Amino acid sequence: MDIYEPEKIEKKWQDFWEENRFFKAKDFSKKPKKYILIEFPYPSGDGLHVGHARSYVALDAVARKKRMEGFNVLFPIGWDAFGLPTENYAIKTGIHPKVATRKNIENFKRQLKSLGLSFDWSREINTTEPEYYKWTQWIFLKLFEKGLAYQAKIPINWCPSCKIGLANEEVIDGKCERCGAETEQREIKQWLLKITEYADRLIEDLEKVDYAEKIKAQQINWIGKRYGTEIDFKVDGPDEVIKVFTTRADTFFGVTAVVLAPEHPIVASLLKIKNQISNIKNYEEVKNYIKQSEKKSEFERTNLTKEKTGVELKGIKAINPVNNEKVPIWIGDYVVATYGGGAVMMVPAHDKRDYDFAKKYGLKIRKVINPGIRYSLKIKIGEAKKIVDEHKRKYKNYEIGLTQKNGILELYAKDFNIAYPVLEKLGQEKYRSFSPDMFIENEAFTGYGFLTNSGEFDRLFSEEAIEKITEFLEKKGLGKKTIQYKLRDWVFSRQHYWGEPIPLVFCENCAVKIKNQKSKSKNNKEFNEGELLNPGWIALSEKDLLVELPHIEKYQPTGTGESPLSAISDWVNVKCPKCEGPAKRETDTMPNWAGSNWYYLAYTMLGNQKSKIKNQKLIWDKEKIGYWMPVDWYNGGMEHTTLHLLYSRFIYKFLWDIGAVPKSAGSEPYQRRTSHGMVLAEDGRKMSKSFGNVINPDEIVQKYGADTLRIYEMFMGPFGETIAWNINGLKGCRKFLDDVYNYYFKWIKGYNQDYFQTWIQGTQDNKSTNGEFSAILNKTIKKVSEDIENFRFNTAISQLMILKNDFYEPLRDNEISSRGFIKFITKRDFEKFLIILYPFAPHISEELWKELKHKNSISFEKWPKADQEFLKEATFELVIQINGKVRDKVEVPMDISEEEARRLTLEREIVKKWREGKEVKKIIFVKNKLINIVV
RNA sequence: GCCCGGGUGGCGGAACUGGCUUACGCGUACGACUCAAAAUCGUAUGACCGCAAGGUCGUGUGGGUUCGACUCCCACCCCGGGCACCA
C-alpha cells in the first residue's frame, strides 16, 4: 500500500517545474499581467528563517492561483547582498564579502527551492553584481544632477574604541554593539538625499494605493506633517531675531520664556558679541552648559526619564511680539535642534515639558486657556459648522467651538448652559459622549479650551484663536503660517567597504571655478545643479559608469572614520571628467537601502534577454517597466514600513518624474502592500541562536515535507499577526495531507479494483457526487478563492480541512461496504479539491493529479468557479429564540415565509412551555435565520 | 504622552452588514486495536448546579442602546507594535 512520503515526490516535482520553466513570466504577453512581489532577502550566513518562508509561501500561493486564473504572473526573487552583516562577518573570519555572499546565496537558493516556490529564476538579481549596481549608481547620478543629493556635516555615532562610525542599529542603549564602549557623537561630512522634498507627495499619494491601514498610519506619522505658526521674537539689545515654531499660537499670551537648543546658531552669535554690548552676564556658565550637552550622547539627551536641564542667558531678554512683554531667554538641551528651527516658546501652564522646566527653575506660570466641556458629534463637519457659526454670530463671541481630531468631530463649550441650546440645534443627544476637561492643580492643561488673560482674544476657542493670533502676527510682520515635518533628509553615505561606490569625484580646480562663477551667471550650462550645490564635486558621465568596487583584501575599518577604499591611491586618484585636472574619487559607499530602492524595476527588465553588449544583461527598458509596473501585490515586514518602503516610494517617484519610468505606470510603485507577522519560537521568544530555539526549515522539510510546512505556515494563525511556532500544529497539518493521500491510495485505488476501474475512467464525471457534497465543495471553492485575495490563509486552510473531513470518513469494520467509504465522491470532484489545494500544497497535488491519469501538469488547470446553484441550500436550521435566548432549532425549507415559520414555531413543545401563563408581546422574524418570541 | 492593532475554551484561533459563541487545528480524558508502547481509529471536552430532564452564568471591566450585543455607544483596565522632550 502506498504511503505518503513527501521526500520521494517533492524533489521530483521541483525539478520538473524548473526543467520545463513553468513559472517564467512573459514580457508583453496578451494575458493580463500580475506582478507579485516579496521583499528580497538579505543572504546572511544564518540561512532561511521560517519567518521568510511564511511570507514567501503566502505569495507563492497567490502567484499560483493567479496563473490558474489566466494571468501572466511575474513572481521574482533576488538578493539584497550589500551591507554590514556580511562585511562584519568578513572582518571576523577573513573570508572576503564577495565569497561569503556567493556561498550564502547558494545556501538560500537551495533552501528556497526545497520549499517549492514558483519563482521565475530566470530573472534572479543580485545587488552586488556590477551589472546591477551600475544602475544603482546611475540613479544616484540622476539625483545628484537634479540637486537632490547634497553634502552636509552630520553627527554620527562614533565608537572611540573600534574607531568606526556606527549605524543607529549598531548602537544599543548608547553603547557599541561589538565592544560595549560608550559611543560619542562626531560630525562628519555625509551625502544626503532630499526626501523631504517629496514629503507631501509621499503622504498624499497614499490615497491612491491599497496599503493596510496601519502601514499608512505609520508612514504618515513618520513624515509628521504639522501646520503651525512661526513667530519672531526680537532680542532686546543685540540685533537678533529668534524664530520659534508652535502649533499652539492660542497659548501665546502664556509665554514666559524662550528656550533655545544649545546648537542654535543664535546662541553662538549671542556669545560672540559679548564684549561689545556687554550683554550676557553669566558667560562662563553658559559656555559650560553647552560644552556639557555636546558631550552627552543622543541617547542621554533623549532619555525622557531624566530631568530637564537648562541655563538662562542672563542680561538679555526676548520681546513677545503680541504684548511687547520682555521674557527671559534660556538654553535647554531638551529642545530638539533639528526641528522647528531649534527654538521654542515656553508656555508652562499648557505644556507638560515647559511646566516641569518652569517648576524646576522657578519661572512664571500663566494660565491662558480655560478648559471647557466636550461632546463628540455624529454629524458632518460642514453641517455642524454652519449651525455653530450662525449661533455664534447671533450671540457674539459665544464660548463654543468645533474641532476635528482623528476623524472625530468634537464640540467644545464653556459650560452646559452654552452647550445645550447648540446641541439641540444640531440634533444631538445631550447626555451622550460627554466629557468635561478639567484644570488640575500642579499639572499643565494641554487640551483645547477658551482663552483668558489674552487681551482682545479672550473667550475665543483655541482653534479659532490660533487663526486669529496668526493673522494678527502676520499683519505686524512678526509671524506667519508654516509647516514642519519630522521627516529628515536621508543620510546616504557609509564609511564602509561593502557597498556601491558613489560615482563622484572631487576636483579643486572646478571648486574654485564654481565659487567664482556662482555670482556671475545663474543659468550655468557647464555644471549641473548638483555640482553647483556641492562645489568641487563632479559627476561622472553616464558612459563612465560603472564604478566598480575594487577588490581589496583589507576591508577593516581605517580608524580615521574614512572608508577602507580611501587607502587605494591608484583607485582614488583620477582625472576630473570636466577639466581633466587631478581629482579624487568619493570613497564613501552607499547604504544597503540603495540597491533595494529600485529592484522591483530590475526584475521587469530582465525578461527575454537580447543584449548585444558583452556581459551586459541588464538594460534600462522603459517599455518593459511600462508593461509590468506597478507591482500588484507587495508583501513584506512591518519593520520596513518607515525605511525601505518609504525610501523606495521616494526613489520611484523621482524616476517617474524624470521619465525613467513611463508615466503610464503611475506615480506609485506598489498598488497593494500587506505585511506578515513574525514567527516566534515555541517558547514565545524571538528565534535566536543564543536562546537555542531556532527552527531550521531544512529539518522541517526533511522530516515532514515542504507541503506540510507550507500548509502549517498558512494555517498557524492570521497572516498579519505574530505567532509562536508549535510542533503539534505542524503534525496536525501533516495528518491532513496524509488523509488526502490515503483517500486516493488506500480507499479509492487500494480497496476494490473493480470499483477503482470505473472511478478512474470517470464515467460518472458529468454528474456531481451528490447535492450535499456539491454544496460543501462549492462553498469551499468560494471561500478559498476569497480568502486568498484577502490574505486570510488560515481560514482557507481550515475550509479545505472541513471539506476533507466531509469526504474522508473511513468506515468502521462492521460497516465496510464494497466501496470502503460512506462518502462517495467522483473523480471530477476530487480533482476540484486538488486544484484548490494546489496553491498551498503543490507537490502532493501534482502527484495525485498525475495518478489520476492526466498528461498535463495541474499547474495549468483552470481555477474553478463556485457554482451558485449549489451554494444555495434547500433547507436551513431555523433558530428559535425566546426573549433573545436560543431555546430550540428546527429544520425548515429555505425562504420559508413568516406566517409559516410562526405557525411551526408556536407548535413546538418548548415554546408552548415557555409561553405558559405569559402573553406573547412580539415576534421578530429574520428571514432564513431565526425567529424570536418575546413574552 | 501620541498613533495603530488586540483582549473569545487548557492552547493557536473561528464567527463581527447586531441574530446558533467557540468552526478548523492542537492538547487532555476515556475507549478500540496491541503482549505492550507508538502510530491509527472512535467518543467526549467553556464553567457551574443536577442521577437525569434541564437550568444558571459566560467573548478584559463597568455602564448604555436593542426583542436580541463578541459585534454599536460611553468610561476604564490590560497586552502587542510604532513614534517620542517633534513644542
Side-chain angles (χ1 to χ4, degrees), chain A residues 212-222 224 226 228 244-248 251 259 261 301-306 308 332-347 350-354 356-357 376 378 406 429 431-435 446 484-488 638-639 641-642 677-678 711-712 715-718 720-733 735-736 738 742 792 794-802 804-805 810-813 877-889 910 921-924 926 928-935:
Chain A
E213 218 30 67
K214 63 172 170 180
I215 297 174
K216 283 191 185 180
Q218 232 180 80
Q219 290 212 345
I220 290 169
N221 251 325
W222 185 262
R226 290 287 133 76
V244 305
F245 173 75
T246 183
T247 55
R248 291 297 301 272
T251 63
V259 191
R301 278 189 55 177
T302 57
N303 187 347
L304 262 162
T305 54
K306 284 236 168 88
K308 294 174 198 9
D333 66 5
Y334 75 96
V335 177
V336 177
T338 49
Y339 182 82
V344 298
M345 60 183 212
M346 185 158 77
V347 187
H350 303 291
D351 183 282
K352 204 182 166 311
R353 296 153 301 183
D354 294 347
D356 294 345
F357 195 82
S376 56
K378 284 267 148 62
N406 309 323
E429 292 163 76
Y431 54 82
R432 112 177 292 159
S433 314
F434 151 72
S435 129
T446 58
Q484 282 286 329
Y485 299 90
K486 287 194 205 171
L487 182 71
R488 316 266 170 89
M638 231 18 233
E639 70 274 20
T641 303
T642 50
M678 253 195 303
I711 293 269
Y712 173 60
F715 183 60
M716 63 197 304
E721 266 153 57
T722 298
I723 237 136
W725 185 264
N726 179 286
I727 193 71
N728 284 321
L730 181 89
K731 286 179 187 165
C733 292
K735 238 174 68 183
F736 165 62
D738 276 334
N742 287 340
R792 293 158 53 137
N794 56 332
T795 50
I797 302 291
S798 97
Q799 185 61 36
L800 285 166
M801 287 173 169
I802 291 169
K804 185 237 45 176
N805 288 345
L811 290 187
R812 282 181 243 190
D813 280 348
E877 241 182 16
L878 180 75
V879 172
I880 298 171
Q881 293 184 338
I882 289 156
N883 293 339
K885 283 207 161 118
V886 180
R887 296 290 173 188
D888 200 5
K889 292 168 196 178
I910 278 197
K921 269 200 208 145
K922 206 170 173 186
I923 294 178
I924 287 131
V926 183
N928 292 340
K929 267 212 177 102
L930 59 73
I931 188 157
N932 186 12
I933 299 174
V934 187
V935 297

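Just so it is clear: chains get the letters A, B, ... in the order the sequence lines come, proteins before strands, and each one is counted from 1. Here the structure is a predicted model, which means the values were calculated and not measured. The figures here come from the full heavy-atom set of this structure, side chains too, leaving out hydrogens, waters and symmetry mates.
With values rounded to the nearest 0.5 angstrom, I924(A) atom CD1 is found 9.0 Å from L930(A) atom CG. Atom CD1 of residue I802(A) and atom CD1 of residue I797(A) lie 12.0 Å apart, to the nearest 0.5 angstrom.
Atom CD in E721(A) sits roughly 13 Å away from atom C1' in A14(B) (whole-Å rounding). What separates CD of Q484(A) from P of A87(B) is a distance of 9 Å, to the nearest Å. Distance W222(A) CH2 to C4(B) P: 18 Å, rounded to the nearest Å. The CD1 atom of I215(A) sits 15 Å away from the C1' atom of C3(B) (whole-angstrom rounding). When the P atom of C11(B) is taken as reference, atom CE of M716(A) falls 18 Å away, rounded to whole Å. Protein atom CG of L487(A) is 13 Å distant from nucleotide atom C1' of C83(B), rounded to whole Å. The separation between R226(A) atom CZ and A87(B) atom P is 5 Å, rounded to whole Å. Going from atom NZ of K486(A) over to atom C1' of A87(B) covers 11 Å, rounded to whole Å.
Mapping R248(A) and K214(A) onto RNA chain B by nearest heavy atom places K214(A) at the nucleotide closer to the 5' end. Checking T246(A) against N883(A), the closest nucleotide of RNA chain B that is more toward the 5' end is the one next to N883(A).
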All N/O pairs under 3.5 Å across the protein-nucleotides 18-26 of chain B interface:
from, atom 1, to, atom 2, distance (Å)
G19(B), N2, Q881(A), OE1, 2.9
G19(B), N2, N932(A), ND2, 3.3
C20(B), O2, K889(A), NZ, 2.6
G25(B), OP1, N805(A), ND2, 3.2

Could you write out each protein N or O paired with an N or O of nucleotides 44-50 of chain B at a distance under 3.5 Å?
none

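Taking every heavy atom of both residues into account, F736(A) and I711(A) meet most closely at CE2-CD1, 4.2 Å. Shown here for W222(A) and K486(A), the closest heavy-atom pair between the two residues is O-CB, 3.8 Å. T446(A) and H350(A) make their closest contact through CG2-O, 3.6 Å (heavy atoms, listed as atom of the first residue, atom of the second, distance). Between C733(A) and F715(A), the closest heavy-atom pair is SG-CD2, 4.0 Å. Nearest approach of M345(A) to T246(A), heavy atoms of both residues: CE-OG1, 3.7 Å. Closest approach of V259(A) and V335(A) over heavy atoms only: CG1-CG2, 3.6 Å.
Considering only the side chain of I723(A), G13(B) comes nearest among A87(B), G13(B), C67(B). With C4(B), C85(B), A14(B) as the candidates, the nucleotide lying closest to the side chain of P718(A) is A14(B). Ranking G82(B), C67(B), C4(B) by closeness to the Q218(A) side chain, first place goes to G82(B).
Here the separation of G1(B) from U17(B), taken at their P atoms, is 33 Å to the nearest Å. Taking the C1' atom of each, A69(B) and U8(B) are spaced 14 Å apart, rounded to whole Å. On the C1' atoms, G10(B) is 37 Å away from C83(B), given to the nearest whole Å. As rounded to the nearest Å, A29(B) and G68(B) have P atoms that lie 43 Å from one another. Spacing between G60(B) and G9(B) at atom C1', rounded to whole Å, works out to 15 Å. Comparing C77(B) with U66(B), their P atoms are spaced 28 Å from each other, to the whole Å. Comparing U71(B) with C20(B), their P atoms sit 13 Å apart, to the nearest whole Å. Separating the C1' atom of U21(B) from that of A15(B) is a span of 7 Å, rounded to the nearest Å.
Side-chain N/O atoms of K352(A) include none lying less than 4.0 angstrom from OP1 or OP2 on C2(B). Here R792(A) reaches the OP1 or OP2 of A15(B): one of its side-chain N or O atoms lies under 4.0 Å away. For G55(B), one of the phosphate oxygens OP1 or OP2 lies less than 4.0 angstrom from a side-chain nitrogen or oxygen of R887(A).
A 3.5 Å limit on both hydrogen-bonding distances identifies no Watson-Crick or G-U partner for C33(B). As the counterpart of G1(B), C83(B) is assigned, both hydrogen-bonding distances of the Watson-Crick or G-U wobble pattern falling under 3.5 Å. Applying the Watson-Crick and G-U wobble criteria (two distances, each under 3.5 Å), U28(B) pairs with A44(B). The base-pairing partner of A75(B), taking Watson-Crick or G-U wobble contacts with both distances under 3.5 Å, is U61(B). As the counterpart of G18(B), no nucleotide is assigned, since no Watson-Crick or G-U wobble pattern has both distances under 3.5 Å.
If you check distances only, the side chain of K308(A) does reach the base of C85(B) with a donor-acceptor pair under 3.5 Å.
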Derivation of the side chain to side chain contact (heavy atoms under 4.5 Å, CB included) call for D354(A) and Y334(A): CA-CA 10 Å; D354(A) 294 347; Y334(A) 75 96; 3.4 Å; yes
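Shown for residues 336-346 of chain A: residues whose heavy atoms fall under 4.0 angstrom of RNA chain B, namely V336(A), Y339(A), V344(A).
Residue-level contact check: V259(A) touches neither bases nor backbone, having no heavy atom under 4.0 Å from any strand. Among the heavy atoms of the strands, none lies under 4.0 Å from K921(A).
Checking V934(A), N932(A), V926(A) one by one against Q881(A), the side-chain contact (heavy atoms from CB on, under 4.5 Å) holds for a single residue, N932(A).
G54(B) shows a glycosidic angle more than 90° from 0 and is accordingly assigned anti.
Of the possible polar contacts, one joining the N742(A) side chain to the D738(A) backbone as a donor-acceptor pair under 3.5 Å is found. Between the side chain of Y712(A) and the backbone N or O of W725(A), no donor-acceptor pair lies under 3.5 Å.
Applying the side-chain contact (heavy atoms from CB on, under 4.5 Å) test to N221(A) and every residue at least two apart in sequence or in another chain returns nothing. For E877(A), the side-chain contact (heavy atoms from CB on, under 4.5 Å) test picks out K889(A), E891(A), with sequence neighbours left out. Scanning for side-chain contact (heavy atoms from CB on, under 4.5 Å) contacts around Q218(A) gives M638(A), T641(A), T642(A), with sequence neighbours left out.
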